[in-house]
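Report on one structure; see the data block that follows.
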Amino acid sequence: MQQLWQMVLVQIREFYRNPGILFWVLGFPILMAWGLGIAFTKQGEPIKHVAWVNENSSSKTMSNFIGSDLNHKKIGNDKAGYTDYIFEKATWDEAIQMIKKGKVAMIILEKGDRLQYHLDPKNAEAQLAQLQVSYALKNGNITANSGEIETFSQVGTRYIDFLIPGLLAMNIMMSCMWGISYTLIDRRSKKLLRRMVATPMNKSLFLFSHLITRIIMSAIEATLLLSFAYFYFDITVQGSVPALIAMIIAGNVIFFGLAVLASSRTANTQIGNGLINVVVMPMMVSSGIFFSYHNFPDWITPVIEKLPLTLLADSVRSIFIEGAGFSQVWPALAILSSVGVLLYLVGLKIYKWY
């Protein structure tokens, strides 16, 4: 028992004597809880966005329901709480684009004296919005029949159409950060980099070889994911395939640069694990992979839109479901590629080989 106690004390001392590990183990989960809390526990009343299309300007059903403020309407009661609905008045084509980009949960189409709720029945947020609005309309005696539910038939309006491009972008990030950054840190900790740099090896080409490998692996992963999505979910690429290939390469470049920079100094795999997580976890949560980043407060949305994973996911998604080509995605393509090269050069400059 004395030997066991001494070995336990050794592990504890190694832990608290390393401030880097202490931060990533104790401090980082608190930061993650804070970030998720901002997205899903907003102060005040929850806000939901709904697109409102009025095909007959003489119809007043929705305008009478919303009242004097033709954008906002509080729906709910004292027991269940209230939700602040923002009705975005738009044309049908504009509303479809809002759905594809995750800006609204559903579309209310006003046709004469009839209402139609257009939504993806597999989207829980859209279902809840339809139930709340329908109940509020009936309770207010606006109409005896609050509307009909119509399932989306347009390409790219299902939740799975939103999810697959995001997963493709996330896989590129995770593959680069863990496949490159962690591998390099592990080799440094085992003194392998020191042995390799003693050979006539070109240092920059050694790091660059990891980018080539990741691009090849991304091509294989993307092919498998898209094949599965096509045969199982009937998802096809609506836009330019060459533009999609270019975006995949640009995504590998930006996260290759981040991976080299994150692995440039430390030889401790636990600290390396924390450094990788501090890069991937906030973006994986906030960049609109599994849910729209419009769930976050308006003040932080402009920051989220500039994150590398957000730029990559939004561009890939626009190619998939909006039919975008090079003319639409070239700004993101240029930003991701140039920033990735810059990060790689900085990481190479400060890289610790032994």
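Residue numbers run from 1 in the order of the sequence given.
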Members other than Y230 in its cluster, when Ile, Leu, Val, Met, Phe, Trp, Tyr link by side-chain heavy atoms under 4.5 Å?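 Other cluster members: F231.
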Under the 4.5 Å side-chain heavy-atom rule for ILVMFWY, direct or indirect, which residues accompany I185?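 Its cluster partners, ordered by chain and number, are none at all.
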Salt bridge (charged side-chain N to carboxylate O under 4.0 Å, His left out) involving R317 - partner list, sequence neighbours excluded: D314
For K190, which residues count as a salt bridge (charged side-chain N to carboxylate O under 4.0 Å, His left out) partner, sequence neighbours excluded?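 Only D186 meet the salt bridge (charged side-chain N to carboxylate O under 4.0 Å, His left out) criterion with K190.
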With a 4.5 Å limit on heavy-atom distance, are the side chains of H118 and I99 in contact? no
Does I164 belong to the same Ile/Leu/Val/Met/Phe/Trp/Tyr cluster as F290, with side-chain heavy atoms less than 4.5 Å apart forming each link?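 Shared cluster, yes.
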Linking I/L/V/M/F/W/Y whenever any side-chain heavy atoms sit under 4.5 Å apart, do Y85 and L131 land together? no
Evaluate T236 against Q238 for side chain to side chain contact (heavy atoms under 4.5 Å, CB included), listing each step before the verdict. CA-CA 6 Å; T236 56; Q238 302 300 311; 2.7 Å; yes
Determine the interplanar angle of the W353 and Y351 rings, folded into 0 to 90°, and report it as parallel if under 30°, tilted if 30 to 60°, perpendicular if over 60°. tilted
Partner residues of [X] under the side-chain contact (heavy atoms from CB on, under 4.5 Å) criterion, sequence neighbours left out:
X    : answer
Q6   : Q2, L9
I215 : L211, I249, N252
S209 : none

Ring pair (Phe, Tyr, Trp, His ring centres under 6.0 Å) with [X]: which residues, sequence neighbours excluded?
X    : value
Y293 : none
F255 : none
F208 : none
H49  : none

For I289 and L167, which heavy atoms make the closest approach, and how far apart are they?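 Looks like CG2-N, 4.2 Å.
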Pairwise side-chain hydrogen bond (donor to acceptor under 3.5 Å, both in side chains) hits with a residue in residues 168-181, at least two apart: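 Residue pairs passing side-chain hydrogen bond (donor to acceptor under 3.5 Å, both in side chains), neighbours aside: S175-R214.
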